[in-house]
Amino acid sequence: MPVQNKDIAEIFSRIADLLDIKNENPFRIRAYRQAAQMISGLSRNVRDMVDEGKDLSSLSGIGKDLAGKIETIVRSGNLPQLKKLEKEVPGELIDLMQLPEMGPKRVKKLYHELGIDSLGALKKAALNHKIRELEGFGEKTEDKIVQSVERWQSAGGEKRFLLIEAEQVVEPLIKMLREIEGVREVEVAGSYRRRKETVGDLDILVTRRKGTPVMERFAEYEDVKEVVAKGEAKTSVRLRSGFQVDLRVFEKSSYGAAMVYFTGSKDHNVSLRKMAKKENLKINEYGVFRGDKSMAGETEASVYEILGLQWIPPELRENRGEIEATQKGELPELITLEDMQGDLQCHSKASDGKDTIEDMAKAAKEKGYNYLAITDHSKRVSVANGLDADRLRRHMEDIDQVNEQLGGIHVLKGVEVDILKNGKLDLPDDVLEKLDVVVASTHYYRDLPRKEQTERIIRALDNPHVHILAHPFGRIINKRDPIDMDFEKILEAVKERNCFIEINAQPDRLDLSDVHAKMAGEMGIKLTISTDAHSMNGLNHMKWGVAQARRAWLTAEDVLNTRSWRNVKKLLKRD
DNA sequence: GCCGTTTTCGGCCCGACTGTTTTCAGTCG
């Protein structure tokens, strides 16, 4: 199987962990970690760069040595160095490092002194009170280890929550905090603010009048299951839902610096601090300092400004070139929810939706949309009561009727046609050609070999009636892996055929991912952002899709349905 | 292992909290 960026990143990341346990030079370890991070965020395929003979050391954080290792991985699929390391240090120890409280030092000590090389062995040793006897460990650490192993095992690994789940938890919490007398600013920072598709834990920043009991009220919040840590500057709690939430209190003069610091990403911050250091400045969460003198920090903009940068939207702060882009004045003007003029995929009662065409159209009209495409399933998706050609024809008449009755919005005749195993479509051409919008997607045969899967999808795009390739990877976050396909070939096919590719805004799909959507944008392909709503309420998911598009550096220009139906109609013509 | 307007060596981002310690190491973000 051709080597993907994530395969290279994973090898480097494993090497970093193993070197960490071996207590190697921390800067060497960091180099591997940064390389892994950089590669996983790259929108270009490194394999292609190797094939084209590009100089990999032009990538930031990649020097001669790592460039050579990448080539080895691309050509052979693995790296002898990793194999060798895994002979010296059991690979299972990496699993232990995933536990909170467990870093390389403790893992190493437990392995050497007690032979612990698995979660099971760790738990057993802790329950038998073997761990507290070791130097540097104690009773409390031992208890915590038991707890985290149990939590880990019951959650099935490190749990990351969907952004929408995080919103449901954090909104009532910040409302409570804002209502406390004396509290001023309350904002959520971290990956939540960067709108990452999943969130590990939540960071809330607060300013308040001196003496306001905000830490106390936070620790007593009704949803708190356990107070993990409580200090003057920071309190950490675990909520019943499993979220860990950190609350940090800052002075007004530090608030902007704290927002930058805790919004991250970590890699973005490291880049900022490196820049600062060159100017003899120091950045921390309290401000920007020259010696002891505070130079900036009250607002985020002031922190960026003193480094000669424009304020950077949180969604871009991943150290994927945003700092360089700002320096060149090439930061994109990111798409906003207000730019959206219509929705190009949703379902009605005709297939598996909950609401009628009319209700869906009214809801879209209320959102101020210019158009809404009704794209019910085709017959192959029988669990969803998909439409055959006859039902679809009658369905189209129903849509015509709604259009006659309801003014002020164009209800588009569409379908989400299933791509069959052989790449043919689930409906005949003579009905597809009558539709305003044809959205094609796969639902079955998700485990075809890569080549076959790629060809299948391209064959579907060959049908001249297809406009949009929807939820291209078919993943469900935390539940269903993406299908295996050659995405760059797919993108080329989309481009050649004047088609479009979707960012599905369902909060558990968000398919395309940020990196893939960025790749499409860079190739000059236009995308659609569609809710795939199955009810009126589902139309509200647009904001998640827009957030994903922002993380992909997309502008309103890059997205088809920021245009009026008049203009969309012209662009949907394939030739 | 990377990097360079202090350049080919000697740096490499910064602080809070905890637990186990009597001044700090480990971990985390």
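Chain letters run A, B, ... following the sequence lines, proteins first, then strands; residues in each count from 1.
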Chemist: So which of residues 9-31 of chain A are in contact with DNA chain B, with a heavy-atom cut-off of under 4.0 Å?
Modeler: A/N25, A/F27, A/R28, A/R30, A/A31

Chemist: Salt bridge or not for A/E318 and A/K196, using N-O below 4.0 Å?
Modeler: no

Chemist: Separation of A/N269 atom CG from B/dC14 atom C1', in whole Å?
Modeler: 10 Å

Chemist: Does A/E88 come within less than 4.0 Å of A/K22, counting only side-chain N to carboxylate O?
Modeler: yes

Chemist: Take the angle between the ring planes of A/Y32 and A/F12 and call it parallel below 30°, perpendicular above 60°, tilted in between.
Modeler: perpendicular

Chemist: Taking A/K328 first and then A/E324, would you say they form a salt bridge - that is, a charged N and a carboxylate O separated by under 4.0 Å?
Modeler: no

Chemist: Could you pull out all residues at least two apart from A/F243 that satisfy ring pair (Phe, Tyr, Trp, His ring centres under 6.0 Å)?
Modeler: A/F161

Chemist: Among residues 72-92 of chain A, which residues get a heavy atom nearer than 4.0 Å to DNA chain B?
Modeler: none

Chemist: OP1 or OP2 of B/dG11 sitting under 4.0 Å from any side-chain N/O of A/K277?
Modeler: no

Chemist: Which parts of nucleotides 19-29 of chain B does protein reach within less than 4.0 Å, heavy atoms only, written one letter per nucleotide 5' to 3' as B for base, S for sugar-phosphate only and - for none?
Modeler: SSS----SSSB

Chemist: Using residues 111-122 of chain A as the side-chain source, report each donor-acceptor pair under 3.5 Å to any protein atom, sequence neighbours left out, with the distance given to one decimal.
Modeler:
| residue | atom | partner | partner atom | Å |
| --- | --- | --- | --- | --- |
| A/H112 | ND1 | A/K108 | O | 3.3 |
| A/S118 | OG | A/A121 | N | 3.0 |

Chemist: Give the table of side-chain donor-acceptor pairs shorter than 3.5 Å for residues 218-237 of chain A, with sequence neighbours excluded, one pair per line with atom names and distance.
Modeler:
| residue | atom | partner | partner atom | Å |
| --- | --- | --- | --- | --- |
| A/S236 | OG | A/D246 | OD1 | 2.7 |

Chemist: Does A/K69 make a side-chain N or O approach to OP1 or OP2 of B/dG1 shorter than 4.0 Å?
Modeler: yes

